[in-house]
**Student:** 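The structure under discussion is supplied below as structure tokens; questions concerning it will follow.
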Amino acid sequence: VLWSKPLLMSRKLLVSIVEWRDKPKILRNFAAIMRRLFILIASVLLVSGIARAQQPKVEMDSIPADSLATLLSEIEQEMSKAEQKTPRKGFGPWLANYFRNGNKNNDKKAFNYRLILGPHYSSTEGFGIGICGTGIYSWDRSDKSLPLSNVITFGDFTTKGLVRVGIRGTNFLPGKRFKWEYVLDGCTFPTDYYGMGFDHGDQDVMKTEFRRNRFIFENFFLFRLKDNLYLGPHISYDWLGAAKVKLPTKADVDAVRGEENVGLPVESHMEQVTLEDGTAEERMVDYYDTFAGQKRKTGALSLGATLTYDSRDFTLNASKGMYFQLDQTVSPSCFSNMGLFATTEVTFDIYRKAWKGAIIAYDLHGQFVWGDQPYWNFMSELGNPKRMRGYYEARYRDRHLVETQIELRQRIWRRWGMVVWGGCGEVFDKKFSKDALLPTFGLGARWEFIKNVNIRLDYGFTKINGKLGGGVLFSMNESF
């Protein structure tokens with residue numbers, strides 16, 4: 001048969017066409033058409049070959065018809081094998097496999113990165129869609145004692161108008177000689193501000209609405225002194241602006257607190273007011289300036305030093321070890337539009353295994369602001385996704401802050417777990433008072449997304465002005 005050589009040459013091509021079954025739909029349809037066309041042509045040639053085999057004349061470059069049948073049989077077998085090796089893959093099976101194998105060890109990957117997109121809700125930000133990715137890697141894969149480094153990328157979009165993107169990471173460089181940490185975070189969203197001090201923060205009537213635009217950059221480069229002890233420089237820049245500000249009216253505040261208990265400057269605006277009879281007229285309306293006359297757009301460059309002791313086995317979800325960090329920064333007036341002030345921040349965490357699948361984690365955190373009176377956005381703030389969970393973010397703020405919490409983390413079944421926690425915190429100016437101490441407690445669910453990296457859903461209970469409340473938080477990685 002004269003067409004046997006082209007058939008032999010096209011065998012690999014036809015088998016490769018079958019392997020296109022896991023490609024996009026247009027290529028799969030093309031492969032199916034080509035396969036049927038090939039079978040049709042080969043069948044015609046086979047019949048022609050049988051007819052020619054009955055003739056006495058045999059061409060020099062022909063082969064017996066039964067060899068052609070054998071050839072077709074071999075091609076069909078190879079095509080069948082190819083189909084078995086390359087089953088069709090849709091988005092559903094791929095997604096299921098993505099989550100099913102996310103927590104499996106993969107030592108062959110130099111950089112293990114996983115991305116998740118999911119809904120979330122908090123009392124501060126409303127309902128939203130967050131995207132968060134975690135990458136795990138090592139600067140020296142041959143050194144098994146070197147802690148794993150990580151990078152976290154995140155973005156968020158919510159119904160209350162929040163837009164946020166950022167990246168942060170922790171790097172342990174080869175030989176454990178250096179530790180490098182960084183944060184780059186930018187966001188804009190409508191939020192509330194209640195003024196400075198516990199008394200203002202504890203009153204709903206003091207609420208000031210505005211759009212917060214913020215950009216933060218932090219960079220730490222630490223030198224190892226001994227074992228897990230590091231010391232190094234720290235540089236950061238923090239800029240925040242308040243836009244579309246809506247202050248509380250003086251009449252509303254005085255009706256609840258009394259004019260003598262407010263102690264804030266008053267600013268007046270001519271506005272159109274609707275009277276009881278439905279008519280409108282221009283009147284002067286008084287508002288309390290909860291910013292206390294300070295600028296509403298401020299930025300500061302801070303320089304300082306950081307001392308860290310870190311013996312945790314894994315920074316994103318430690319099961320044992322201790323973490324201590326002391327940050328001391330100074331913000332010179334020449335690098336900001338404020339006076340000279342300094343900030344001292346202390347963090348102490350400890351982790352212990354309690355029983356099978358259970359870990360007890362303890363956290364103590366304090367922040368203290370010294371020197372000239374800093375602006376409202378550089379005060380210590382209580383309430384965030386890490387500590388005092390459930391409280392409106394930065395509802396309470398003052399010069400100094402102390403907060404603590406203890407958490408039990410229990411693995412329940414396979415990749416599922418749960419946590420319960422309790423703690424307290426307080427902001428204050430000069431003197432700590434038990435009357436201003438705020439409680440925090442709650443519970444949450446955990447699902448292991450990557451090996452030792454959890455997705456968390458928490459509900460934190462709060463107590464504001466004597467009333468019990470709470471808030472829901474959805475995020476990746478443990479709170480501390």
**Student:** Looking only at non-hydrogen atoms, find the nearest pair between Leu146 and Pro174 and report the distance.
**Tutor:** CD2-CA, 4.4 Å
**Student:** Check the pair Trp355 / Gln410 against side chain to side chain donor-acceptor pair (under 3.5 Å), numbers first and verdict last.
**Tutor:** CA-CA 9 Å; Trp355 52 81; Gln410 176 68 60; 2.6 Å; yes
**Student:** For Glu407, check salt bridge (Lys or Arg N to Asp or Glu O under 4.0 Å) against everything at least two apart and list the hits.
**Tutor:** Arg389, Arg409
**Student:** Does the side chain of Tyr137 come within less than 4.5 Å of Val151's, by heavy atoms?
**Tutor:** yes
**Student:** Could you tell me the separation between the CD1 atom of Ile136 and the CG atom of Leu148, rounded to the nearest 0.5 Å?
**Tutor:** 6.5 Å
**Student:** If I take atom CG from residue Leu222 and atom OG1 from residue Thr170, how far apart are they, to the nearest 0.5 angstrom?
**Tutor:** 10.0 Å
**Student:** What I'd like to find out is whether the side chain of Asp199 reaches to under 4.5 Å of the side chain of Met206, using heavy atoms alone.
**Tutor:** no
**Student:** May I have the step-by-step check of salt bridge (Lys or Arg N to Asp or Glu O under 4.0 Å) for Glu218 and Arg168, ending in yes or no?
**Tutor:** CA-CA 9 Å; Glu218 291 184 311; Arg168 65 179 181 268; over 6 Å; no
**Student:** Got a donor-acceptor contact below 3.5 angstrom from the Asp398 side chain to the Met196 backbone?
**Tutor:** no
**Student:** Minimum heavy-atom separation for Leu382 and Gly425, please, with both atom names.
**Tutor:** CD1-C, 3.7 Å
**Student:** Atom OG of Ser333 and atom CZ of Phe341: how far apart are they, to the nearest 0.5 Å?
**Tutor:** 10.5 Å
**Student:** Under 4.5 Å between any side-chain heavy atoms of Asn171 and Lys179, yes or no?
**Tutor:** no
**Student:** Verify whether the ring centers belonging to Trp376 and Tyr193 lie closer than 6.0 Å.
**Tutor:** yes
**Student:** When you measure from the side chain of Asn261 to the backbone N and O of Arg257, does any donor-acceptor pair fall under 3.5 Å?
**Tutor:** yes
**Student:** Could you check whether any side-chain heavy atom of Phe480 comes within less than 4.5 Å of a side-chain heavy atom of Lys386, counting everything from C-beta outward?
**Tutor:** no
**Student:** Side-chain contact, heavy-atom cut-off 4.5 Å: Phe348 with Thr404?
**Tutor:** no
**Student:** Quick one: do Ile360 and Ile406 satisfy side chain to side chain contact (heavy atoms under 4.5 Å, CB included)? Show the steps, please.
**Tutor:** CA-CA 7 Å; Ile360 295 179; Ile406 186 169; 4.1 Å; yes
**Student:** Would you say Thr159's side chain and Phe127's backbone share a donor-acceptor pair under 3.5 angstrom?
**Tutor:** yes
**Student:** Donor-acceptor pair, Asp143 side chain versus Ser145 backbone, under 3.5 Å?
**Tutor:** yes
**Student:** Using the ring centroid of each side chain, check whether Phe178 and Phe223 are separated by less than 6.0 Å.
**Tutor:** yes
**Student:** Carefully, step by step, assess His400 and Phe368 under the rule ring-ring contact (aromatic ring centres under 6.0 Å, His included).
**Tutor:** CA-CA 4 Å; His400 310 309; Phe368 311 92; 5.8 Å; yes
**Student:** Using 4.0 Å as the upper bound for N to carboxylate O, is an ion pair formed by Arg395 and Glu393?
**Tutor:** no
**Student:** May I ask you to decide if Ser138's main-chain N or O and Ser149's side chain share a donor-acceptor pair within less than 3.5 Å?
**Tutor:** no
**Student:** Measure across Tyr323 and Arg312 and return the closest heavy-atom pair with its distance rounded to 0.1 Å.
**Tutor:** CD1-NH2, 3.4 Å
**Student:** Between atom OG1 of Thr462 and atom CG of Leu468, what is the distance when rounded to the nearest 0.5 Å?
**Tutor:** 6.5 Å
**Student:** Short question: side chain of Ser380, backbone of Gln367 - any donor-acceptor pair under 3.5 Å?
**Tutor:** yes
**Student:** Could you tell me whether the side chain of Phe428 reaches within less than 4.5 Å of the side chain of Arg399, counting heavy atoms only?
**Tutor:** no
**Student:** Answer whether the closest heavy-atom distance between the side chains of Asp310 and Thr315 falls below 4.5 Å.
**Tutor:** yes
**Student:** Can a donor-acceptor pair be found, under 3.5 Å and without considering hydrogens, that links the side chain of Tyr392 to the backbone of Asp192?
**Tutor:** yes
**Student:** For Val163 and Phe189: C-alpha separation, side-chain torsions, deciding distance, then whether side chain to side chain contact (heavy atoms under 4.5 Å, CB included) applies.
**Tutor:** CA-CA 6 Å; Val163 177; Phe189 73 98; over 6 Å; no
**Student:** Looking at CG of Leu231 and CG of Leu307, how far apart are the two atoms once the value is rounded to the nearest 0.5 Å?
**Tutor:** 5.5 Å
**Student:** Evaluate the criterion salt bridge (Lys or Arg N to Asp or Glu O under 4.0 Å) for residue pair Arg296 and Asp289; output intermediate values, then yes/no.
**Tutor:** CA-CA 11 Å; Arg296 298 174 186 177; Asp289 181 11; 3.5 Å; yes
**Student:** So that I can tick it off, tell me whether Asp363 and Arg387 are bridged by a salt bridge, with the cut-off set at under 4.0 angstrom between side-chain N and carboxylate O.
**Tutor:** yes
**Student:** Between Phe217 and Phe215, does the ring centroid distance fall short of 6.0 Å?
**Tutor:** no
**Student:** Which pair of non-hydrogen atoms, one from Glu426 and one from Ser433, has the smallest distance, and what is that distance?
**Tutor:** OE1-O, 2.5 Å
**Student:** Can you check whether Tyr182 and Trp180 have ring centres sitting under 6.0 Å from each other?
**Tutor:** yes
**Student:** If the test is side-chain hydrogen bond (donor to acceptor under 3.5 Å, both in side chains), which one of Asp156, Asp185, Thr188 qualifies with Arg164?
**Tutor:** Asp185
**Student:** Regarding Asp313 and Lys353, does a basic nitrogen lie under 4.0 Å from an acidic carboxylate oxygen?
**Tutor:** no
**Student:** Salt bridge or not for Asp227 and Lys176, using N-O below 4.0 Å?
**Tutor:** no
**Student:** Does Arg224 qualify as a cation-pi partner of Tyr230, given the criterion of NZ or CZ under 6.0 Å from the six-membered ring centre and within 45 degrees of its axis?
**Tutor:** no
**Student:** Would you mind writing out the side-chain donor-acceptor pairs for residues 234-248 within the sub-3.5 Å range, not counting sequence neighbours?
**Tutor:**
from   : atom 1 : to     : atom 2 : distance (Å)
Asp238 : OD1    : Arg214 : NE     : 3.2
Asp238 : OD2    : Arg214 : NH2    : 2.7

**Student:** Among residues at least two apart in sequence or on other chains, which ones pass salt bridge (Lys or Arg N to Asp or Glu O under 4.0 Å) with Arg446?
**Tutor:** Asp458, Glu478
**Student:** Can you tell me how far the CZ atom of Phe291 sits from the CG atom of Asn377, to the nearest 0.5 Å?
**Tutor:** 9.0 Å
**Student:** Would you name the heavy atoms of Cys132 and Ile152 that are closest together and state the gap between them?
**Tutor:** SG-CG2, 4.0 Å
